[in-house]
Amino acid sequence: MTGARRRPDASGAADTPAAAAGRRGERPGPPGPQPHAGGARWVVLGRPLSSYLAEALGSAWLVLAALTAVSLTMRADGGYLSSWPTAARLAVVGATVGGSVAVFSLTPPGKESGAHLNPAISLFMTVRGALGVVDLLGYGVSQLAGSVLGALLARGLWGERVTAVHDGLIQPGAGWDGSAVVVLGELLSTAVLLWVLAAMTARPRPRSTPWVLAAVICALITTTGARTGASFNPARNFGPHVMSGDYHLFWAYMLAPLAGALVAAAAWAPFTARRAWTHRVCCERDIHRYHQFPPLARHRLPSSPR
């Protein structure tokens with residue numbers, strides 16, 4: 001073939017208005033319903049129902065993985081890995097949580113929804129103009145519902161091992177029980193995570209984004225878990241709060257990450273005011289530089305006859 005074929009984007013569509021506008025040097029308009037391959041789908045609040053189901057499924061997977069790790073490392077009887085030093089146990093939990101997010105973001109459901117799994121990330125994307133307000137509400141409800149489902153699955157699968165650790169409920173460490181400390185710690189941790197996310201999605205090599213974010217999540221949990229509990233995700237703690245019936249500092253763990261998202265968006269805005277954003281955390285070629293500067297087509301040299 002002599003003509004260059006337009007490469008499809010991550011959603012499977014041949015082109016989008018944002019991509020076309022980027023190639024013409026124009027600012028793309030507000031995000032709207034995007035075409036999807038495979039025919040018509042059930043649409044709720046302007047977005048395919050599969051996106052909301054994916055966020056619920058991913059949040060359930062995240063909470064199940066987190067509670068499994070906590071049940072192995074944070075018991076009071078010294079069983080399993082709970083005899084290890086605190087830093088090592090937190091590193092295990094951090095690697096499990098970060099790894100579960102990275103793995104899900106690479107699955108078809110993760111690519112469908114963008115793999116937020118965190119209302120703070122969804123709020124950050126909304127403030128940056130990549131996600132609609134109605135979608136934000138749908139994502140948030142799905143994530144919280146998935147959190148409860150994940151806590152139920154953990155209790156059903158592991159039984160006493162999960163109830164022994166208070167259903168994996170995150171609470172501050174001894175001496176750090178002040179609400180101001182929890183709010184400040186959760187706010188800053190969320191802001192750091194979102195700044196790294198913003199920096200990664202502004203680069204032309206997004207495939208490493210899930211693993212970089214997994215490393216950041218692991219580092220934050222390892223370094224701050226013994227103090228504030230290291231949630232920085234309302235969906236991570238919502239299900240355990242509901243299942244355990246303990247609502248101590250519930251408001252702090254729900255609101256502080258959202259405040260961190262607002263701070264992160266405000267601080268990052270001067271550096272990305274003219275860049276087109278996407279609601280996806282990680283998808284191949286789903287970042288603005290590829291829309292503005294599409295990669296050159298690669299042609300293979302004809303093989304020489306033998």
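Since the model is a prediction, treat every value here as computed from it, not as a measurement.
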Determine the interplanar angle of the H241 and Y253 rings, folded into 0 to 90°, and report it as parallel if under 30°, tilted if 30 to 60°, perpendicular if over 60°.
tilted

Distance in Å, D135 CG paired with S51 OG, rounded so as to fall on 0.5 Å steps
8.0 Å

Distance check, rounded to the nearest 0.5 Å: S122 atom OG versus L117 atom CG?
8.5 Å

Nearest heavy-atom neighbours spanning P257 and A120
O-CB, 3.6 Å

Does S71 reach the side chain of Y80, with side-chain heavy atoms less than 4.5 Å apart?
no

Nearest 0.5 Å, what's the CD1-CZ distance between I221 and R89?
14.5 Å

Looking only at non-hydrogen atoms, find the nearest pair between L106 and K111 and report the distance.
O-CE, 3.7 Å

pair S113-S50: side-chain heavy atoms closer than 4.5 Å
no

From the options L193, L194, V192, select the one residue that forms a side-chain contact (heavy atoms from CB on, under 4.5 Å) with T190.
L194

Could you walk me through whether R227 and T224 pass the side chain to side chain donor-acceptor pair (under 3.5 Å) check?
CA-CA 5 Å; R227 298 172 178 83; T224 66; over 6 Å; no

What residues join V63 in its hydrophobic cluster, counting side-chain heavy atom gaps under 4.5 Å, either direct or through other members?
L64, L67, L149, L153, L157, W158, V162

Using a 4.5 Å side-chain heavy-atom cut-off and chaining through intermediate ILVMFWY residues, the residues clustered with L187 come out as L184, L188, V263

Same cluster or not: are V141 and L136 linked, directly or through other Ile, Leu, Val, Met, Phe, Trp or Tyr residues, by side-chain heavy atoms under 4.5 angstrom apart?
no

Using a 3.5 Å cut-off and no angle test, enumerate the donor-acceptor pairs between side-chain atoms of residues 93-102 and protein atoms at least two apart in sequence or in another chain.
{"from": "T96", "atom 1": "OG1", "to": "V92", "atom 2": "O", "distance (Å)": "2.8"}
{"from": "S100", "atom 1": "OG", "to": "T96", "atom 2": "O", "distance (Å)": "3.3"}
{"from": "S100", "atom 1": "OG", "to": "V97", "atom 2": "O", "distance (Å)": "2.7"}

Taking all non-hydrogen atoms of both residues into account, name the closest pair between S179 and W251 and its distance.
CB-CZ2, 3.6 Å

Is V182 close to W176 at the side-chain level, that is, under 4.5 Å between some pair of heavy atoms?
no

May I have all residue pairs that pass ring-ring contact (aromatic ring centres under 6.0 Å, His included) and include part of residues 90-119, sequence neighbours excluded?
H116-Y139

So how far is it from E55 CD to L144 CG, rounded to the nearest 0.5 Å?
11.0 Å

Write down the atom of A230, the atom of I170, and the distance for their closest heavy-atom approach.
O-CD1, 3.9 Å

In this structure, would L220 and L90 fall into the same cluster of hydrophobic residues linked by side-chain contacts under 4.5 Å?
yes

Heavy-atom check, side chain of L72 versus side chain of S82, under 4.5 Å:
no

Please name the pair of heavy atoms, one in A91 and one in C218, separated by the smallest distance, quoted to 0.1 Å.
O-SG, 3.8 Å

Residues P119 and N233: closest non-hydrogen pair is CD-OD1, 3.5 Å

Any side-chain heavy atom of L62 within less than 4.5 Å of one from Q143?
no

When hydrophobic residues are tied together by side-chain contacts of less than 4.5 Å, even through go-betweens, does M243 share a cluster with Y247?
yes

What pairs with T228 under side-chain hydrogen bond (donor to acceptor under 3.5 Å, both in side chains), at least two apart in sequence or on another chain?
none

Transitively linked via ILVMFWY side-chain contacts under 4.5 Å: M74 with W84?
no

Nearest-0.5 Å distance, CG of residue N237 to CG of residue D167
11.0 Å

Identify, with sequence neighbours excluded, every residue that meets salt bridge (charged side-chain N to carboxylate O under 4.0 Å, His left out) alongside R75.
D77, E160

Kindly compute the distance separating CZ (R236) from OG (S59), expressed to the nearest 0.5 Å.
12.0 Å

Would a 4.5 Å heavy-atom cut-off, applied to side chains only, mark F232 and I217 as touching?
yes

Can you check whether V216 reaches W211 side chain to side chain, under 4.5 Å on heavy atoms?
no

Do the non-hydrogen side-chain atoms of P172 and L249 ever get within less than 4.5 Å of each other?
yes

